[in-house]
2 protein chains.
Amino acid sequence: MSLIPIRRGAQSGGGRAAEHGAGPAAESERRDAARNRELLLCAAREIVEESGADALTMDRLAQRAGVGKGTVFRRFGSRAGLMMALLSGAEAEFQGRFMFGPPPVGPGAPPLDRLVAVGAARISWVLEFGELARAADASVYNRFDVPPAVLWHRHLEMLLREAGVTADPWLLASFLGAALEPELLLHSVQVHGISPDRLAQTWRELVTRMVGGG
Amino acid sequence: MSLIPIRRGAQSGGGRAAEHGAGPAAESERRDAARNRELLLCAAREIVEESGADALTMDRLAQRAGVGKGTVFRRFGSRAGLMMALLSGAEAEFQGRFMFGPPPVGPGAPPLDRLVAVGAARISWVLEFGELARAADASVYNRFDVPPAVLWHRHLEMLLREAGVTADPWLLASFLGAALEPELLLHSVQVHGISPDRLAQTWRELVTRMVGGG
DNA sequence: AGACTAAACGGACTGCGGTCCGGTTATATT
DNA sequence: AATATAACCGGACCGCAGTCCGTTTAGTCT
């Protein structure tokens, strides 16, 4: 008998919370597991649509999907992980737009125009998906280190460099990015009634001064 | 008998969470209540000092102070309220500095210098008290509407106006303020090893471009 | 087909923040 | 001093996120 029973795919590297990234599993996944993942994502979307993201509790989700609570955590690691999985489609679409899409958001326009346009696009995106995005903000510690956030930050940094900003573009990108955080934008709109247009207009003002003023 | 038994001081207005503001109660407070408030604040400071803000749970605090859990919530309304009470001293001191203190942080210096200086001061403050401040961020909904945050925002807005910024100073103050949020600053320092000096330097860059570029 | 093993499963359990309500006590009135 | 009452007190209780571990099942190897 073989002492080392070669498993083919198996879950990815570490111990827990495999890859709450996108849709289908990284490699092969046991069929019951795959079925349950779909069941859960589907039920989660239903709950969010019916009652909002705040109403999505892990117990309720498990019950609705007809699985045990442990299964939910096995698949998604945490509530935040589940939210990320729900968001991954929208996030990928947005990334695609600023990386490969048509100008001025995508490549091909002058850097300042791109900064202005991508900010406006981000504002719209946040106003549409911000509730989920807020719920997907994990444990404060990795909130800025999750892949989409890193990509977004790098992109802002790159645009700043291209626009001729030489003074600490990395940190300036962080500062600029902070202005577009869901927390702040949602608060401005929902509590103070600021219009999305005004947000975009002021963003334009901010980045224009940033880039031009140096 | 008097149908309207006149209470003298009584708790402040509404129903719950009296005034977690500063030290002694707004007006007179029953002596046992006052004693318990001091007991609780004292025990809370001890726990934070020993084990950090995250280790401060309401049960543990109640037990340590030798009171019931209900008493803790009666006094401070919520965990966030308790944290605000712990912070109120440091917050008041900081407010005093930028409102009445010596220039360039306080009044008397040119607006741009004040913006630069107050940002640097804020950075130091956040690096010292940020952990508490983060724990004091209440329910996302009123995070920006709590008095110290409002005052801080107004101050930034005023400095922008004085510096000649005419385009939407209110929202620009929000955007600038976002760059100094504890969440972001602590992450920069703790995860990416950015030095406080570099934060202050880049803040200077940001506001200089903001004010000069228009 | 039958046996074997790693993975998936599910629900009881923990610790947390927050609420509630019956019992207790401080203070004003007589 | 006795009484009345409003505020205070405490801990049982709730719903939640997240963990643990005994049980079941899918996929593989003979």
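Naming: A, B, ... by sequence-line order, numbering from 1 per chain.
- Scanning for side chain to side chain contact (heavy atoms under 4.5 Å, CB included) contacts around B:Val165 gives A:Arg209, B:Leu160, B:Leu172, B:Val211, with sequence neighbours left out.
- With D:dT19, C:dT19, C:dT27 as the candidates, the nucleotide lying closest to the side chain of A:Phe73 is D:dT19.
- Scanning for ring-ring contact (aromatic ring centres under 6.0 Å, His included) contacts around A:His153 gives A:Trp170, with sequence neighbours left out.
- In this view, B:Arg64 and B:Ala43, B:Glu46, B:Ile47, B:Glu50 satisfy the side chain to side chain contact (heavy atoms under 4.5 Å, CB included) rule, not counting sequence neighbours.
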Which atom pairs, donor and acceptor, lie under 3.5 Å between side-chain atoms of residues 53-60 of chain A and protein residues at least two apart or in another chain?
from, atom 1, to, atom 2, distance (Å)
A:Asp54, OD2, B:Tyr141, OH, 3.2
A:Thr57, OG1, A:Arg60, N, 3.1
A:Asp59, OD1, A:Lys69, NZ, 3.3
A:Asp59, OD2, A:Lys69, NZ, 3.3
A:Arg60, NH1, A:Ala55, O, 3.2

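- In this structure, B:Asn36 does not reach the D:dC8 phosphate: none of its side-chain N or O atoms is under 4.0 Å from OP1 or OP2.
- Residues in residues 116-131 of chain B take part in no side-chain hydrogen bond (donor to acceptor under 3.5 Å, both in side chains) pair, two or more places apart or across chains.
- Residues B:Gln201 and A:Asp168 form no side-chain contact, since every pair of their non-hydrogen atoms from C-beta on lies 4.5 Å or further apart.
- Residues passing the side chain to side chain contact (heavy atoms under 4.5 Å, CB included) test with A:Arg45 are A:Leu41, A:Leu86, sequence neighbours excluded.
- For the salt bridge (Lys or Arg N to Asp or Glu O under 4.0 Å) condition, the pairs that include at least one residue of residues 83-97 of chain B, sequence neighbours left out, are B:Glu93-B:Arg97.
- Distance CD (B:Gln63) to P (D:dC9): 18 Å, rounded to an integer number of Å.
- In the helix from C:dA1-D:dT30 to C:dT30-D:dA1, the rotation axis of the first five pairs and that of the last five pairs differ in direction by 0°, rounded to 10 degrees.
- Nearest to the side chain of B:Arg75, among D:dA17, D:dC9, C:dG18, sits D:dC9.
- The stretch residues 44-56 of chain B touches DNA chain C through B:Leu56, each having a heavy atom within less than 4.0 Å of the strand.
- With rounding to whole Å, A:Arg79 atom CZ is found 15 Å from C:dC16 atom C1'.
- The interatomic distance linking A:Leu82 (CG) with D:dG18 (C1') rounds to 14 Å, in whole Å.
- For B:Arg204, the CZ atom is loosely surrounded, since the number of other residues' heavy atoms within 6.0 Å does not exceed 12.
- Rounded to whole Å, atom C1' of D:dC9 lies 15 Å from atom CZ of B:Arg37.
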Give the intermediate values and the outcome of salt bridge (charged side-chain N to carboxylate O under 4.0 Å, His left out) for residues A:Glu181 and A:Arg143.
CA-CA 11 Å; A:Glu181 283 286 296; A:Arg143 172 173 164 195; 2.4 Å; yes
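- Residues satisfying the ring-ring contact (aromatic ring centres under 6.0 Å, His included) test with A:Phe98, not counting sequence neighbours, are A:Phe94, A:Trp152, A:His155.
- Put simply, the side chain of A:Val105 does not reach to within 4.5 Å of the side chain of A:Arg114, judged on heavy atoms.
- Of the N and O atoms on the side chains of B:Asn36 and B:Thr71, not one donor lies less than 3.5 Å from an acceptor on the other residue.
- Between D:dG27 and A:Arg31, a contact under 4.0 Å exists linking OP1 or OP2 to a side-chain N or O.
- Rounded to whole Å, atom C1' of C:dG10 lies 14 Å from atom CG of A:Leu61.
- Protein atom CZ of B:Arg35 is 11 Å distant from nucleotide atom P of C:dT27, rounded to whole Å.
- Atom C1' of nucleotide C:dA8 and atom CG of A:Leu40 are separated by 13 Å, given to the nearest angstrom.
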Report, one pair per line, the protein and nucleotides 21-24 of chain C atoms (nitrogen or oxygen only) whose separation is under 3.5 Å.
none

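- Interatomic distance, CG of A:Leu115 versus CG of A:Leu206, reported as 9.5 Å (0.5 Å rounding).
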Could you go through nucleotides 11-14 of chain C and list every protein N or O atom that sits under 3.5 Å from one of its N or O atoms, giving the distance for each pair?
from, atom 1, to, atom 2, distance (Å)
C:dG11, O6, A:Gly70, N, 3.4

